[in-house]
Amino acid sequence: MTQESQNGTKAAPQDAHSGIAEPMPQDVRAGGIKPTPQDARTAQELLDFIEECPSMFHTASTIGKRLTAAGFTYLPETQPWNIEQGGTYYTTRNNSSVIAFKVGTSLDNYHFQITASHGDSPTFKIKSNAELTGPGESQRLNVEVYGGAVDYTWFDRPLGIAGRVMVKNGNRVESRLCESAEPLALIPSMPPHIQRDINQQFSPNRQVDLCPLFSAGALGKSTFDAIIADELGISESDIVARDLFLVNRQQPCIWGAAGEFASSPKFDDLACAYTALEAFLAAENDRSISVFACFDNEEVGSNTKQGAMSTLLADTLSRLNAALGHSCEDLRCAIAKSMLVSCDNAHAVNPNHPERFDEGNRVFLNRGIVVKEAANQKYCTDAFSRAAFCAICDNAEIPYQAFANRSDSPGGSTLGNLSNTQVSMHGVDVGLPQLAMHSSFETIGVRDVTLATRALKAFYNADLRIDGADSTELG
């Protein structure tokens, strides 16, 4: 058993399936585990990925480009699907959600092994009538919150703008990705000289305090669409509609005297989207259909046409099943033998407030992927799914941790239980441990990127043979 204790960490040797030489970590003077140079490179690759994904639309596009480069065939939802065993494919919905799959060639035990993450993060959406004029000649942006943002973390940071713009092109209206090349706005905080209680009881009013400044007067009125048009190289009159969001343009970084930490916007949930994608692309399992899903709109409840509660996963599996020549009954049997790993980050202990975390189920940075459980089933983990996932990690000698909320705190929810309302199968909730979840700048452990990727790859590589809720063979 390699499960983490609160008092130490067992270093994992090389994962037999990973193909990655995993040197043993070096001890530092405090007795902890120092990330290896390979850990740092892997974490930096995650940071590079995040910088390519300033909005959920960019995330889907970035994932799609990586899948295409890896030889995957794009299957538009609007056209018939031709699928063969041994093939690799992906589809999208709304240009903001992606599902990819690899069809095994030895499907005597026809089933699916699925990871699901999400590509959106808490931010602020720019309203259709985007500009607020004054006082004086100043221009501000009119925004509304998207998801459960920690509002005060958005103050006094360079902010860009990213998302999609619907553009006229002759008789067509087309979707264009948009990202400002430079920071365009900033939300200024109040000084204590003017607001004396700023450090005692400041609670930002989202209509008043969180309007970003984007001009002191030099731009004039009604210029926002002109700025967007200039970014896209089109005429302002060609803009029909837009889904644009604020982006924290603070540079991601690896930091700490021992290089233990990485900080960036959007670790929730791009850290899981990245590690699941890396695991999916690297895994080789001809005995199952491996599925990677990255949904939009988790931060606002998932109840959209492209969210985890939509028909997207069900539609994809149904069309895949039919294209392979299987019946509806075959699909129902396959789903009953399948497993979902819902990947969304977990709360690491904040060292300043350990009392806020359950004494027996606390998790820490750089000690491995976290298995999350809740009696109210906001996390979909149960004994069966926990046993299966942890056994896979044990077999590959990959460390993991256990998280549960305090019994007097309801905690949050994620997409596993919501997805299961559409496609019901055994599911476990996991994620990387992180600090400052939903801040505009979050923190994870550098080693956890490597450890999470290896754990998810071990899941994809496992020869799962599930017999209802009675047993599973891991192969």
Side-chain angles (χ1 to χ4, degrees), residues 56 59 96-99 113-123 146-150 266-277 279-280 291-304 306-310 312-314 338-348 357-358 361-363 368-382 384-386 388-390 400-406 409-439 442 444 448 452 455-456 459:
M56 60 284 281
T59 299
S96 61
S97 291
V98 183
I99 295 183
Q113 289 173 219
I114 305 172
T115 66
S117 54
H118 64 90
D120 62 322
S121 298
T123 181
Y146 176 92
V150 182
K266 299 177 180 291
F267 276 144
D268 176 20
D269 187 38
L270 294 188
C272 281
Y274 175 81
T275 53
L277 180 62
F280 172 74
V291 181
F292 165 87
C294 184
F295 293 107
D296 190 10
N297 300 136
E298 191 277 343
E299 297 295 355
V300 291
S302 296
N303 195 12
T304 63
Q306 59 273 351
M309 285 188 72
S310 74
L312 176 56
L313 181 59
S338 298
M339 185 168 175
L340 167 74
V341 178
S342 168
C343 303
D344 200 359
N345 282 355
H347 299 289
F357 301 82
D358 184 80
N361 294 276
R362 294 173 177 172
V363 301
I369 200 166
V370 177
V371 181
K372 304 184 291 182
E373 191 168 338
N376 62 13
Q377 286 294 286
K378 295 294 186 181
Y379 305 134
C380 62
T381 308
D382 58 20
F384 186 96
S385 61
R386 174 187 287 278
F389 184 81
C390 293
Y400 53 89
Q401 307 181 72
F403 174 83
N405 288 298
R406 283 176 56 103
S409 175
S413 62
T414 183
L415 47 79
N417 63 320
L418 300 178
S419 178
N420 259 338
T421 64
Q422 295 293 326
V423 185
S424 299
M425 66 183 69
H426 291 294
V428 60
D429 264 296
V430 306
L432 282 72
Q434 76 163 83
L435 298 173
M437 188 177 291
H438 286 199
S439 169
E442 302 168 319
I444 62 171
D448 287 322
L456 296 174
F459 164 73

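Every value quoted in this text rests on a predicted model; they were computed, and no experiment measured them.
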Can you find a pair of side-chain heavy atoms, one from [X] and one from [Y], that are under 4.5 Å apart?
{"X": "N405", "Y": "P410", "result": "no"}
{"X": "L313", "Y": "Q422", "result": "no"}
{"X": "M425", "Y": "N420", "result": "yes"}
{"X": "T115", "Y": "V430", "result": "no"}

Under the side-chain contact (heavy atoms from CB on, under 4.5 Å) rule, collect the residues that match up with T123, sequence neighbours excluded. Y146, W154, F245, L246

For A308, check side-chain contact (heavy atoms from CB on, under 4.5 Å) against everything at least two apart and list the hits. F295, S302, L415, S419

Result for side chain to side chain contact (heavy atoms under 4.5 Å, CB included) between T275 and one of L270, L432, I369 points to L432

Residue from V363, N361, T381, V341 passing side chain to side chain contact (heavy atoms under 4.5 Å, CB included) with V371: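 One option only clears the test, and that one is T381.
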
For [X] and [Y], which heavy atoms make the closest approach, and how far apart are they?
{"X": "F292", "Y": "A273", "result": "CE1-O, 3.6 Å"}
{"X": "D269", "Y": "C343", "result": "OD2-O, 2.8 Å"}
{"X": "S342", "Y": "D429", "result": "OG-OD1, 2.6 Å"}
{"X": "M437", "Y": "Q434", "result": "CA-NE2, 3.2 Å"}
{"X": "P433", "Y": "Q401", "result": "CG-NE2, 3.9 Å"}
{"X": "C294", "Y": "T59", "result": "SG-CG2, 4.4 Å"}

Take the angle between the ring planes of F459 and F389 and call it parallel below 30°, perpendicular above 60°, tilted in between. tilted

Looking at [atom1] of [X] and [atom2] of [Y], how far apart are the two atoms once the value is rounded to the nearest 0.5 Å?
{"X": "L340", "Y": "C380", "atom1": "CG", "atom2": "SG", "value": "6.0 Å"}
{"X": "R362", "Y": "R406", "atom1": "CZ", "atom2": "CZ", "value": "8.5 Å"}
{"X": "F357", "Y": "S409", "atom1": "CZ", "atom2": "OG", "value": "9.5 Å"}
{"X": "L277", "Y": "S117", "atom1": "CG", "atom2": "OG", "value": "8.5 Å"}
{"X": "F267", "Y": "S121", "atom1": "CZ", "atom2": "OG", "value": "11.0 Å"}
{"X": "S96", "Y": "D120", "atom1": "OG", "atom2": "CG", "value": "8.5 Å"}

Are the side chain of [X] and the backbone N or O of [Y] linked by a donor-acceptor pair below 3.5 Å?
{"X": "S97", "Y": "D296", "result": "yes"}
{"X": "S385", "Y": "H426", "result": "no"}
{"X": "T414", "Y": "G416", "result": "no"}
{"X": "K372", "Y": "N345", "result": "yes"}

Decide side chain to side chain contact (heavy atoms under 4.5 Å, CB included) for D268 and H118; before the verdict, give the C-alpha distance in whole Å, the side-chain angles of both, and the deciding distance to 0.1 Å. CA-CA 8 Å; D268 176 20; H118 64 90; 3.4 Å; yes

Tell me, please, which residues at least two apart from E373 pass salt bridge (charged side-chain N to carboxylate O under 4.0 Å, His left out). R386

Between D448 and V370, does the side chain to side chain contact (heavy atoms under 4.5 Å, CB included) criterion hold? Intermediate values first, please. CA-CA 10 Å; D448 287 322; V370 177; over 6 Å; no

